[in-house]
Amino acid sequence: MNLPPVEATAAAAITRSFHAISGEVLELLYQHRVLSTQQLHVLLTPPEKRPARPVYLRRQLGELHRAGLVERIRAKGPGGRGRLQSQPFLWFLTEAGAESVEEAGELPPRPYRVTPEAVAGARQAHTLGVNEVGIAFVEWARRLGHECGPLDWTPEVANRIRDGQRRFEDDHVISDAVLNYVHVERGGRRTMLSFFVEFDRATMTSARLAAKLEAYGRLYEYVPQSADRARRTSNATRPAWMYNYPVFPRVLVVLDAAPPKAGEPDRRAQRLAARTEDLYARAGADVRLSRLKGDINIGVTTLQQLQEHGPLAPIFTPLLRGTPSARPAPTDLYLASK
């Protein structure tokens with residue numbers, strides 16, 4: 001059956017659009033592991049072109065699902081509560097979907113596959129929260145005319161912090177994400193920024209989160225050493241991070257908390273403010289971080305502030321600035337080092 005010219009053109013346009021967006025969906029799921037339907041909708045569609053409901057996206061996700069390239073499960077409700085059927089779908093790649101992305105060769109290959117058990121596991125809310133941090137940067141970059149795209153953050157990036165063969169978690173600091181952002185100022189001046197992102201839902205102790213921040217001080221100073229002294233080169237005094245980053249990335253801690261149970265008062269703001277105070281005190285008391293306060297920048301904010309005001313607003317509390325009696329004022333993503 002031959003379509004009239006107008007219908008044929010429309011069909012071809014739909015087919016091209018389908019293939020283009022389907023390819024973007026596969027790449028996003030490959031890099032970010034798991035995304036909700038709404039997160040995909042926001043990342044794939046600029047605000048000025050974004051329909052209220054992702055009808056077309058759902059249709060394409062259904063096609064990818066029937067083709068065996070993506071899989072889905074229902075998200076957990078807040079705190080594990082809520083009827084399962086009322087929760088949104090979470091999407092991730094099948095083995096075939098991951099292989100199709102790797103065959104295209106557009107993204108760095110990864111050595112693991114996402115499983116339904118992992119998506120449904122205890123870190124589900126944390127993974128989706130890290131996505132929300134990245135999405136907040138993407139949305140504000142679009143509004144401000146800066147550059148930060150859907151693929152400009154990479155989750156769970158590990159950097160070695162000591163020699164040896166201990167547990168992987170002991171030898172490395174594993175950032176929740178590494179995010180790249182280009183600040184484009186009036187006149188066209190461009191400043192390229194990189195960030196180690198730590199997302200905390202107030203589920204770990206302040207001491208454990210502070211220990212994670214202290215590991216960044218260890219990363220800043222870590223210089224790999226060959227076991228064979230005769231084979232050591234002049235680069236043996238070069239910190240390992242310099243092989244991956246032109247400058248040491250700023251560390252951003254983004255706090256969030258689960259909503260209260262029905263009938264309980266909402267004390268999230270007070271909890272997150274107290275956690276910021278704890279981190280400020282612990283970071284200031286750490287000998288290594290205090291010594292490196294001119295070299296490392298660490299800032300704390302909340303996910304709500306980031307989403308509502310953007311990273312260029314004074315929403316970050318610098319942890320390695322001032323004193324307990326003379327605290328620094330909140331600042332933007334430059335962390336007072338612009």
Side-chain angles (χ1 to χ4, degrees), residues 24-25 27-47 50 54 57 72-82 87-92 114 118-144 146 148-157 174-181 193 195-204 209 212 250-260 266 268-269 271-272 275-276 299-313 315-316 332-333:
E24 292 176 28
V25 168
E27 288 184 347
L28 286 173
L29 293 177
Y30 187 87
Q31 177 138 325
H32 301 312
R33 307 181 183 187
V34 56
L35 290 157
S36 70
T37 305
Q38 183 62 25
Q39 288 176 339
L40 283 166
H41 183 47
V42 172
L43 288 173
L44 289 168
T45 317
R50 188 180 303 152
L57 173 61
R72 67 189 183 187
I73 65 169
R74 292 283 184 181
K76 299 176 183 178
R81 305 186 300 276
Q87 302 304 319
F89 278 121
L90 305 181
W91 300 87
F92 55 98
V114 176
V119 176
R123 288 182 60 83
Q124 181 186 110
H126 183 273
T127 300
L128 296 175
V130 174
N131 290 345
E132 290 298 328
V133 174
I135 290 169
F137 274 89
V138 171
E139 285 284 82
W140 277 98
R142 288 167 171 169
R143 295 181 197 177
L144 300 172
H146 302 166
C148 183
L151 296 174
D152 277 332
W153 83 89
T154 304
E156 294 194 5
V157 177
I174 305 173
S175 305
D176 287 333
V178 173
L179 183 143
N180 298 311
Y181 190 96
L193 303 163
F195 303 96
F196 293 126
V197 175
E198 294 296 333
F199 179 70
D200 175 51
R201 299 180 58 247
T203 54
M204 68 170 67
L209 180 56
K212 185 81 174 285
R250 294 163 173 82
V251 182
L252 301 183
V253 181
V254 182
L255 305 176
D256 196 24
D266 190 345
R268 283 177 291 180
R271 290 176 61 195
L272 299 184
R275 175 148 293 215
T276 300
V300 182
T301 190
T302 67
L303 180 59
Q304 181 180 1
Q305 287 179 309
L306 180 62
Q307 291 172 327
E308 291 181 359
H309 305 292
L312 268 296
I315 62 171
F316 295 96
D332 60 18
L333 82 176

> Can you tell me how far the CG atom of Leu255 sits from the CG atom of Leu209, to the nearest 0.5 Å?
Replying inline: 7.0 Å
>> Just to verify, what does Asp152 make a side chain to side chain contact (heavy atoms under 4.5 Å, CB included) with, not counting sequence neighbours?
In response: Cys148
>> So, taking the atom named CG in Leu40 and the one named OG1 in Thr45, what distance separates them when rounded to the nearest 0.5 Å?
In response: 9.5 Å
> When rounded to the nearest 0.5 angstrom, what is the spacing between CG in Leu90 and OG1 in Thr127?
Replying inline: 9.5 Å
>> Any heavy-atom pair between the side chains of Pro311 and Asp332 that's under 4.5 Å?
In response: no
>> Just to verify, what does Gln305 make a side-chain hydrogen bond (donor to acceptor under 3.5 Å, both in side chains) with, not counting sequence neighbours?
In response: Thr301, Thr302
> Nearest heavy-atom pair of Lys212 and Ile174: which atoms, and what distance?
Replying inline: NZ-O, 2.8 Å
> With sequence neighbours excluded, what pairs up with Asp200 under the salt bridge (charged side-chain N to carboxylate O under 4.0 Å, His left out) test?
Replying inline: Arg275
>> Using ring centroids (six-membered ring only for Trp), state whether Trp140 and His309 fall under 6.0 Å.
In response: no
>> Test of understanding: with side chain to side chain contact (heavy atoms under 4.5 Å, CB included), list the residues that count as partners of Arg271, not counting sequence neighbours.
In response: Ala202, Ala257
> Could you state the interatomic distance from CG (Asn180) to CH2 (Trp153), rounded to the nearest 0.5 Å?
Replying inline: 12.0 Å
>> On a heavy-atom basis, which atom in Gln31 and which in Leu151 lie closest, and how many Å separate them?
In response: NE2-O, 2.8 Å
>> Within this structure, what is the CD1-CD distance for the pair Ile135 and Gln39, rounded to the nearest 0.5 Å?
In response: 4.0 Å
> Does the side chain of Glu198 reach to within under 4.5 Å of the side chain of Ser175, using non-hydrogen atoms?
Replying inline: yes
>> Ignoring hydrogens, what is the shortest heavy-atom contact between Thr37 and Leu57? Give both atom names and the distance.
In response: O-CD2, 3.7 Å
> If every non-hydrogen atom of Asn131 is compared with every non-hydrogen atom of Leu35, which pair is closest and at what distance?
Replying inline: ND2-CD2, 3.3 Å
> Can you name the residues that form a side-chain hydrogen bond (donor to acceptor under 3.5 Å, both in side chains) with Glu308, not counting sequence neighbours?
Replying inline: Gln304
>> Once salt bridge (Lys or Arg N to Asp or Glu O under 4.0 Å) is applied, what residue pairs with a partner in residues 32-42 remain, sequence neighbours excluded?
In response: Arg33-Glu156
> Given the rule in the side chain to side chain contact (heavy atoms under 4.5 Å, CB included) test, do Leu333 and Arg250 qualify, once you have shown the distances and angles that lead to the verdict?
Replying inline: CA-CA 8 Å; Leu333 82 176; Arg250 294 163 173 82; over 6 Å; no
> Sequence neighbours excluded, which residues qualify as ring pair (Phe, Tyr, Trp, His ring centres under 6.0 Å) partners of Phe89?
Replying inline: Trp91
>> Among residues at least two apart in sequence or on other chains, which ones pass salt bridge (charged side-chain N to carboxylate O under 4.0 Å, His left out) with Arg268?
In response: Asp266
> Looking at residues at least two apart in the chain, or sitting in another chain, which of them share a ring pair (Phe, Tyr, Trp, His ring centres under 6.0 Å) with Phe196?
Replying inline: Tyr216, Tyr245, Phe248
>> Just to verify, what does Pro150 make a side chain to side chain contact (heavy atoms under 4.5 Å, CB included) with, not counting sequence neighbours?
In response: Leu28, Leu43, Arg142
> Which pair of heavy atoms, one from Tyr181 and one from His146, lies closest together, and at what distance?
Replying inline: OH-ND1, 2.7 Å
> Atom CZ of Phe199 and atom CG of Asp256: how far apart are they, to the nearest 0.5 Å?
Replying inline: 4.5 Å
>> Test of understanding: with ring pair (Phe, Tyr, Trp, His ring centres under 6.0 Å), list the residues that count as partners of His41, not counting sequence neighbours.
In response: none
> Looking at residues at least two apart in the chain, or sitting in another chain, which of them share a side chain to side chain contact (heavy atoms under 4.5 Å, CB included) with Thr203?
Replying inline: Arg201
> So which heavy atom on Gln124 is nearest to which on Ala75, and how close?
Replying inline: OE1-CA, 3.5 Å
>> Parallel, tilted or perpendicular: which one describes the rings of Phe137 and Phe195, with boundaries at 30° and 60°?
In response: tilted
